[in-house]
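Data first, discussion second: the structure below is written as structure tokens.
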Amino acid sequence: TWSGENDVSASAVQSTGRYAHLVKSLKTGVIVQGGKLNPSRLDEKRPARHQGGEFKRGPGSPDQLTWMSGKDLGEINLSIAWGFCSQPGIWQRGADAHVYPSDIALIVLGTDPKSESLGGEVEIDLGEEHERYLIDKSCVIACRAGVPHGPIVTRWVEKPFAFVLIGLAADLTMSAT
């Protein structure tokens, strides 16, 4: 069984009131916690990369990964993922680059509020030409639907950093290019 199973709580901050259904716990979407997969979140609706299929976690994959689709968010056209990265390496194995069917924003964010430094360095290729970008400051990478991006590699880490992916679709499934 998944060791973090008892740590996942789906309770909202406030459970009563007219709009309580709009307040969602981030714990409901935990896919990876402490570097281990949560099998209860893996079903036919989840991207294959989380099921050991075409895409596999790499050593630079987030230590914790929360992924929430429109189904988790009250059926709105939005998907979000967030996590913390503390190890160097490629984020996903099995695909050189991938695309999403909707626009996305990938945010990498240092955890020191007094600095714009990322606390590490991330490498990402963008476009069909694989233009390589090295990122060492907090930033947002905005990709239109269908724009290839990846691989994503954490080159080094001095201090764990956060990332957030925001996709403008209820069911955000990536495809290899």
| Atom OG of S86 and atom CD of E158: how far apart are they, to the nearest 0.5 Å? |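 That separation rounds to 13.5 Å.
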| message | Rounded at 0.5 Å granularity, tell me how far SG in C85 sits from CG in L109. | response |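 Between C85 SG and L109 CG, I get 11.5 Å after rounding to 0.5 Å.
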| field | Contacts of T111 that satisfy side-chain hydrogen bond (donor to acceptor under 3.5 Å, both in side chains) - sequence neighbours left out | value |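 T111: no side-chain hydrogen bond (donor to acceptor under 3.5 Å, both in side chains) contacts found.
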| Residues two or more places apart in sequence or in another chain: which of them pass side-chain hydrogen bond (donor to acceptor under 3.5 Å, both in side chains) with E131? |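 E131 satisfies side-chain hydrogen bond (donor to acceptor under 3.5 Å, both in side chains) with Y133 only.
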| Verdict with supporting geometry, C139 and K137, side-chain contact (heavy atoms from CB on, under 4.5 Å) | CA-CA 6 Å; C139 73; K137 292 180 176 46; 5.9 Å; no
Going by heavy atoms in the side chains, are [X] and [Y] under 4.5 Å from each other?
| X | Y | value |
| --- | --- | --- |
| L126 | I141 | yes |
| L168 | I104 | no |
| I80 | V164 | no |

| said: Can you pull out every salt bridge (Lys or Arg N to Asp or Glu O under 4.0 Å) where at least one residue sits in residues 106-121? Sequence neighbours excluded, please. | reply: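 Of all non-adjacent pairs touching residues 106-121, those that pass salt bridge (Lys or Arg N to Asp or Glu O under 4.0 Å) are E121-R155.
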| request: Check the pair L65, W82 against side-chain contact (heavy atoms from CB on, under 4.5 Å), reporting the backbone distance first and the verdict last. | output: CA-CA 6 Å; L65 176 64; W82 69 274; over 6 Å; no
| field | Donor-acceptor contact present, side-chain T154 to main-chain W156, <3.5 Å | value |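 Checked: no pair found.
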| Polar side-chain atom of S79 near backbone of A170 as donor-acceptor pair, under 3.5 Å |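 The answer is yes, because a donor-acceptor pair under 3.5 Å joins these two groups.
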| message | Test: ring-ring contact (aromatic ring centres under 6.0 Å, His included). Region: residues 157-177. Which pairs qualify, not counting sequence neighbours? | response |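 Applying ring-ring contact (aromatic ring centres under 6.0 Å, His included) to every pair that reaches into residues 157-177, excluding sequence neighbours, yields W91-F163.
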| request: Could you walk me through whether V157 and Q87 pass the side-chain contact (heavy atoms from CB on, under 4.5 Å) test, one step at a time? | output: CA-CA 6 Å; V157 180; Q87 300 296 318; 5.9 Å; no
| said: Which residues pass the salt bridge (Lys or Arg N to Asp or Glu O under 4.0 Å) test with D136, not counting sequence neighbours? | reply: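 Applying salt bridge (Lys or Arg N to Asp or Glu O under 4.0 Å) to D136 gives none.
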| Which heavy-atom pair separates P62 from G83 by the least distance, and what is that distance? |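 That closest heavy-atom pairing would be CB-CA, 4.4 Å.
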| said: So which atom in S102 and which in G167 form the shortest heavy-atom distance, rounded to 0.1 Å? | reply: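 Between these two residues, the closest heavy atoms are OG-C, 4.3 Å.
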| I166 and side chain to side chain contact (heavy atoms under 4.5 Å, CB included): which partner among V140, I107, L106, L172? |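 Of the listed residues V140, I107, L106, L172, the side chain to side chain contact (heavy atoms under 4.5 Å, CB included) partner of I166 is I107.
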Donor-acceptor pairs are to be reported for all side-chain atoms of residues 142-151 against protein atoms at under 3.5 Å, with residues two or more places apart or in another chain.
| unit_1 | atom_1 | unit_2 | atom_2 | d |
| --- | --- | --- | --- | --- |
| R144 | NH1 | D103 | OD2 | 3.2 |
| H149 | ND1 | H98 | O | 3.4 |
| H149 | ND1 | V147 | O | 3.1 |
| H149 | NE2 | H98 | NE2 | 3.3 |

